[in-house]
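Reading through the structure tokens given below for one structure.
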Amino acid sequence: MNVLEVNNLRVSFREKGKITAVLDSIKLAVEQGSIMGIAGVSGAGKTTLLRTLNLLQEPDSGRVVFDGIDITSVTAEKLRRLRKRIGVIFQSYNLFRSKTVIRNIAFPLSIDGVPKKEALERARAIADELGLTHRLDAYPSQLSGGEQQRVSIARALITNPRMILLDEPTSALDPLLTSRILRLIREVNSIHGVTVVIVTHDMDVVKRVCDKIAYLEKGRMIFCGPTHDYFSQYYLSATHDEHAAEQLEKAKKILMKGNGSRLVRLVFWGEATGEPVLWKCSTGLDVTVNIIYGEIEEFRHGPFGTLLIGVDGKDSAEFLRRLSLSVYKMEVLV
Amino acid sequence: MISELTRATLESLYMIFVSGLLSIIIGMPLGVLLYTCSGSRRLASVYRAMDVSVNIFRSIPFIILILLLIPVTRHVAGTIIGPNAAIFNLTVAAVPFFGRLTENALNTLPRGVFDSAQAMGVTYRQFVFMVLVPETLPEHILNASVLLINLVTYTAIAGAVGAGGLGQLAINYGYYRFQWDVVLYSVIILVLISQAIQLLGTFLSRALRR
């Protein structure tokens, strides 16, 4: 079941009398209990899309359906109530400066008329869970960036929302804090079953936590599907992964030094990643295989392997035919 | 003369604080209204009308405003001289001023905090009372001290047309009877009042700033 569906979404801004489309023809479906990543370079429209999901940004046209309700066509009062079921963690955290940590966390409950004692109790419990116990009476200005973020997460989770939206949750964090926050996001998702939408420009974040990715380029969605499919398909496009393009150039140079062999990229996904595929496929054939580059990355749902090999010999064609049947994806590059 | 000075000082303080209180009670909601209208596309024309009225009221010199208000003052206060009539005049002049100051203070609320409150589903009333005003409170305290110090000056001006207080004392005894020491004492007391208000305002605002 989909918690969120976006259809034909279009958003434009007026700038100096000129109307420019920031998002166009966006179609998106987020399954109940999944983690969706919205990725792309800066200026691609990621944050605008996220803001449209709870209508902080009003679209020109298109539908945003949350829990079966088209929120673009409901009354302001109904929208206000629906928003209570969507937690938002902003890039700049946006805590209330005049309130202590515990009051910040309890705020969503206090506007719902939850008795003060109960609200503070629940706030304390969730603060404990996020390691904020010793900071309850501090003001936001006295907290570090990481602590402010955890307060902001606690504040978003306290109402037990159906879905949480995160805007660039790791952009201001060091690698250690990044790992911690990603683990926290996975836990919140798997333990509480909360559906998560993350905006990020960091493809590493997508690999580590996202089930699916929606990739935006200049306001249009060029990919929406499982994370491993994105990385097996778009490996080569330099705009998506600078690092991969550099590797390929290097591999080509190495290969040029030899004779006219082929350059092949193999993608392994899931359990097959552990199998001795090259050995199996080359058995009995007259081929030489030269491994140029290889890597196994840990994705959310298993290992994702990439291998660049040079292939030579008179049985090359048969070898490649066998290979293409045993790997997740094969691409002959040269 | 000391008893005269004491009486005038108390009269001035009475006018300053009562008109100050009234101006805050009326001006603050006016500021919230200005802030709300300026942020809404639907209320843009309402905002423009309010904006212009506030500017007009603020650009009329106070002494002229007192003259223009004479018929209204007589109706409201029953008289056009004395502290109570002055309080009415002072409040009329100070409400648009404080409304504008409040609007400016509310505009310091970061856009992101506004967004996060909206994303939580606050009602308008909750937004105003639990987010907007508390988050900008130090600014309002500073504004209140600016307002009161302005009222110190305005009260003295009102003294020239029979409001009573230190302004009238300075003019009647000092200027018309050449008792310059009375002028000097009046001025010293006015300066002390202003300083005290400013110190208190700065202190409170600092204490509340997080």
Side-chain angles (χ1 to χ4, degrees), chain A residues 14 47 50-58 71 76-101 103-113 137-143 148 151-152 155-159 161 163-167, chain B residues 28 31-33 35-44 46 101-145 201-210:
Chain A
R14 187 186 288 273
T47 298
L50 195 77
R51 290 171 61 84
T52 316
L53 299 183
N54 68 348
L55 246 59
L56 281 181
Q57 170 67 49
E58 260 182 66
I71 63 170
E77 178 58 22
K78 180 103 198 212
L79 175 64
R80 189 178 70 73
R81 291 181 185 285
L82 282 170
R83 277 178 174 158
K84 290 177 186 288
R85 288 147 72 181
I86 308 175
V88 186
I89 294 133
F90 292 90
Q91 184 172 13
S92 46
Y93 317 134
N94 299 341
L95 301 177
F96 301 121
R97 288 172 298 185
S98 63
K99 300 185 196 331
T100 57
V101 165
R103 300 243 171 227
N104 261 285
I105 299 174
F107 186 81
L109 294 181
S110 61
I111 63 170
D112 276 352
D137 295 320
Y139 285 89
S141 62
Q142 300 166 313
L143 303 180
Q148 287 189 41
V151 175
S152 150
R155 192 175 66 169
L157 290 176
I158 196 160
T159 51
M163 175 170 81
I164 54 172
L165 310 176
L166 296 109
D167 192 3
Chain B
M28 193 102 178
V32 172
L33 208 61
Y35 172 87
T36 308
C37 294
S38 75
S40 156
R41 226 174 299 158
R42 213 155 38 90
L43 297 172
V46 179
L101 287 182
T102 301
E103 183 198 2
N104 291 344
L106 299 177
N107 276 327
T108 64
L109 182 81
R111 179 78 205 172
V113 175
F114 174 89
D115 282 345
S116 78
Q118 296 306 316
M120 289 176 201
V122 288
T123 61
Y124 176 71
R125 184 189 287 263
Q126 287 170 338
F127 174 67
V128 170
F129 290 104
M130 298 170 81
V131 179
L132 184 61
V133 174
E135 285 292 293
T136 49
L137 197 58
E139 262 69 33
H140 299 300
I141 303 281
L142 284 181
N143 285 348
S145 52
T202 311
F203 171 77
L204 279 178
S205 160
R206 285 240 177 94
L208 285 169
R209 207 175 283 280
R210 307 291 186 191

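Chain letters run A, B, ... following the sequence lines, proteins first and then strands; every chain starts at 1. Please read these numbers as outputs of a predicted model, since none were measured by experiment.
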In Å, rounded to the nearest 0.5 Å, how long is the span from CD1 of A/Ile111 to CZ of B/Phe129? 15.5 Å
With side chains defined as the heavy atoms from C-beta onward, is the minimum distance between A/Phe96 and B/Met130 less than 4.5 Å? no
Whatever's closer than 4.5 Å to a heavy atom in chain B on A/Ile86 counts as backbone
Listed partners of A/Phe90 passing ring pair (Phe, Tyr, Trp, His ring centres under 6.0 Å), at least two apart: none
For the residue pair A/Leu95 and B/Val113, what are the closest heavy atoms and their distance? O-CG2, 3.9 Å
Distance-only donor-acceptor screen, chain B against chain A, under 3.5 angstrom:
| from | atom 1 | to | atom 2 | distance (Å) |
| --- | --- | --- | --- | --- |
| B/Gly112 | O | A/Asn94 | ND2 | 2.9 |
| B/Asp115 | OD2 | A/Arg51 | NH1 | 2.8 |
| B/Asp115 | OD2 | A/Arg51 | NH2 | 3.3 |
| B/Ser116 | OG | A/Asn94 | O | 3.3 |
| B/Gly121 | O | A/Arg80 | NH1 | 2.9 |
| B/Gly121 | O | A/Lys84 | NZ | 3.3 |
| B/Gln126 | NE2 | A/Ile111 | O | 2.7 |
| B/Met130 | O | A/Lys99 | NZ | 2.7 |
| B/Glu135 | O | A/Arg97 | NH2 | 3.4 |
| B/Glu135 | OE1 | A/Arg97 | N | 2.8 |
| B/Glu135 | OE2 | A/Arg97 | N | 3.2 |
| B/Glu135 | OE2 | A/Ser98 | N | 2.9 |
| B/Glu135 | OE2 | A/Ser98 | OG | 2.5 |
| B/Arg210 | NE | A/Tyr139 | OH | 3.4 |
| B/Arg210 | NH2 | A/Tyr139 | OH | 3.2 |

